[in-house]
Amino acid sequence: MTFIRPKVFISACIEFEECRYDGSKISDDYVRRLQDVVDIVRVCPELAIGLSSPRDALRLVERKGESIKLLSTNHGDDYTEKMVSFSKRYAENLSKKEIDGFIMKAKSPTCGLNNVKIYHNIGKAHVKSARNEGLFTKELKEVFPTTPIETERRLSNYSLRDRFYTEIFTLAEYREMKKKLKMKELVAFQTKNKYLFMTYNQTILKRMGQTVANHDQEDIKTVLDNYEVLLRRLLRKEPSIKQRINVLTHIYGYFKNDISTAEKEYYFEHLDDYLSSKISYSNPLSFLR
């Protein structure tokens, strides 16, 4: 089976360039393996604004009565304006490249996602908070609010990695299908992915089906645009165990009368192991396949 290659942005310090503050790069097995199946866009925002590697480490600082700033840890050099200006410009240009997903450097003051530390000051000052996002990532999310985004650390978790891969390959397939401007292609896409979408949200899946039915006889571009809004909303939902069991039950129902007792027992052992968190969802799903 062949797949459309997703277009993925990856922070340049992960596997590609020795551009971190200490002159190193991050070695990551999952990013390394992804290179064979995705098209990669990358940048180091620090190098892009003229900083060198190695360099004085940067941090986010929020002094009393001031907004959050990007400062060098030891000397307090202020790079906030340069970074925000570059980030806005880069994100806008990137929007023309139809990016399907982002992999950012965890905890980075520029590329971090949701858990970047904010300090009271430079030097040996204490941490004020650890719930912020990097300045570069913030601008990317403004331009790509519905595009999957993860960090290399979070992708070490199987469930998060599985979901991210599912999202970027699904969006890439839709992106290419959409260019054909054919209703039959949309019908085939919806039919092929019915059970995948059912694991996310059946209510949205139903609305997607109504959009494909096109009872209002809207033009194909409008239908595709409306469908994509629903598709992206659906993929942002977290599939629950209950929804996944429901999908497995639907699939199992097609051939439950055509398999042996031993095969049924084997399948339900897998199902119990999944419910007990001993194995991943892919195990019973692969068995049914």
Side-chain angles (χ1 to χ4, degrees), residues 1 3-4 6 100-101 144-150 154-155 157-178 180 182-259 264 267-289:
M1 182 180 294
F3 297 91
I4 301 298
D100 300 306
F144 297 88
T146 61
T147 302
I149 182 168
E150 285 293 352
R154 282 173 54 87
L155 289 181
N157 177 289
Y158 174 84
S159 296
L160 295 176
R161 187 169 68 251
D162 179 66
R163 181 181 174 187
F164 180 75
Y165 290 174
T166 298
E167 291 171 352
I168 62 174
F169 279 95
T170 301
L171 290 173
E173 182 183 4
Y174 184 79
R175 167 171 51 78
E176 290 303 304
M177 181 276 295
K178 183 180 177 181
K180 299 176 182 178
K182 293 182 179 180
M183 185 60 74
K184 68 175 184 179
E185 296 287 345
L186 178 59
V187 171
F189 179 84
Q190 173 80 351
T191 302
K192 172 185 174 181
N193 293 292
K194 173 184 176 181
Y195 288 114
L196 170 63
F197 296 161
M198 190 183 290
T199 65
Y200 282 85
N201 188 291
Q202 292 193 53
T203 301
I204 298 179
L205 173 60
K206 184 177 180 180
R207 290 184 60 189
M208 292 166 73
Q210 294 168 344
T211 301
V212 173
N214 195 21
H215 297 303
D216 296 331
Q217 298 297 301
E218 295 179 304
D219 65 273
I220 181 62
K221 188 176 185 309
T222 299
V223 172
L224 288 167
D225 288 344
N226 291 340
Y227 184 92
E228 183 173 355
V229 170
L230 293 170
L231 173 61
R232 290 178 177 275
R233 186 182 304 167
L234 175 133
L235 291 175
R236 294 180 72 184
K237 302 286 184 179
E238 179 70 36
S240 69
I241 291 179
K242 181 179 179 180
Q243 289 168 317
R244 285 175 165 172
I245 293 297
N246 180 54
V247 168
L248 294 173
T249 302
H250 269 81
I251 299 172
Y252 174 75
Y254 283 114
F255 54 82
K256 65 181 181 181
N257 295 325
D258 301 311
I259 58 177
K264 291 178 181 178
Y267 166 67
F268 282 107
E269 286 177 5
H270 272 63
L271 204 57
D272 288 341
D273 285 343
Y274 169 61
L275 288 170
S276 302
S277 300
K278 295 179 181 178
I279 59 174
S280 70
Y281 176 63
S282 63
N283 290 79
L285 192 63
S286 296
F287 175 79
L288 291 179
R289 184 181 292 117

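Counting from 1, the numbers follow the sequence of the chain as shown. Bear in mind that the values here come from a model prediction, so they are computed numbers and not experimental data.
- With rounding to the nearest 0.5 angstrom, the CG atom of Leu248 is 11.5 Å from the NE2 atom of His270.
- Counting only heavy atoms from C-beta outward, the side chains of Val223 and Thr211 approach each other to under 4.5 Å.
- Interatomic distance, Gln243 CD to Glu238 CD, rounded to the nearest 0.5 Å: 9.5 Å.
- Taking the six-membered ring where tryptophan is involved, the planes of Tyr174 and Tyr227 are essentially parallel, since the angle between them stays under 30° and well short of 60°.
- Side chains of Tyr281 and Thr199 form a contact here, defined as non-hydrogen atoms less than 4.5 Å apart.
- Aromatic ring pairs are classed by plane angle as parallel below 30°, tilted from 30° to 60° and perpendicular above 60°; the pair Phe197 and Phe189 is tilted.
- At least one side-chain heavy atom of Leu231 sits under 4.5 Å from a side-chain heavy atom of Leu171.
- Environment of CZ in Arg207: sparse, with no more than 12 heavy atoms of neighbouring residues, nucleotides or ligands closer than 6.0 Å.
- Judged purely by atom type and a 3.5 angstrom limit, Asn246 has no side-chain atom pairing as donor or acceptor with the backbone of Lys242.
- Separating the OH atom in Tyr165 from the CG atom in Leu160 is a distance of 11.5 Å, to the nearest 0.5 Å.
- Sorted by first and then second residue, the salt bridge (charged side-chain N to carboxylate O under 4.0 Å, His left out) pairs with a member in residues 166-177 read Asp100-Arg175, Arg163-Glu167, Glu173-Lys192, Glu176-Lys179; sequence neighbours excluded.
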Lys206 and Gln202: CA distance, side-chain angles, deciding distance, side-chain contact (heavy atoms from CB on, under 4.5 Å) verdict: CA-CA 6 Å; Lys206 184 177 180 180; Gln202 292 193 53; over 6 Å; no
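- Summarising the local packing, NZ of Lys264 is surrounded by more than 12 heavy atoms from other residues, nucleotides or ligands at distances under 6.0 Å.
- Put simply, the side chain of Asp273 does not reach to within 4.5 Å of the side chain of Asn283, judged on heavy atoms.
- Across Lys237 and Pro239, no two heavy atoms sit closer than the pair O-CD, 3.4 Å.
- What you find for Ala172 and Pro6 is that their closest heavy atoms are CB-CA, 3.6 Å.
- One distance of note links CG of Asn214 with CG of Leu224; it measures 10.0 Å at 0.5 Å rounding.
- Nearest heavy-atom pair, Gln190 versus Gly209, reported as atom, atom and distance to 0.1 Å: NE2-N, 3.5 Å.
- Interatomic distance, Phe164 CZ to Ile168 CD1, rounded to the nearest 0.5 Å: 4.5 Å.
- The distance from the CD1 atom of Ile245 to the OH atom of Tyr274 is 6.0 Å, given to the nearest 0.5 Å.
- Here the side chains of Arg233 and Thr146 are not in contact, with every heavy-atom distance at 4.5 Å or above.
- Residue pairs satisfying the salt bridge (charged side-chain N to carboxylate O under 4.0 Å, His left out) criterion with at least one member in residues 218-230, sequence neighbours excluded, are listed as follows: Lys178-Asp225, Lys178-Glu228, Lys221-Asp225, Glu228-Arg232.
- No side-chain donor-acceptor contact under 3.5 Å links Thr166 and Tyr200.
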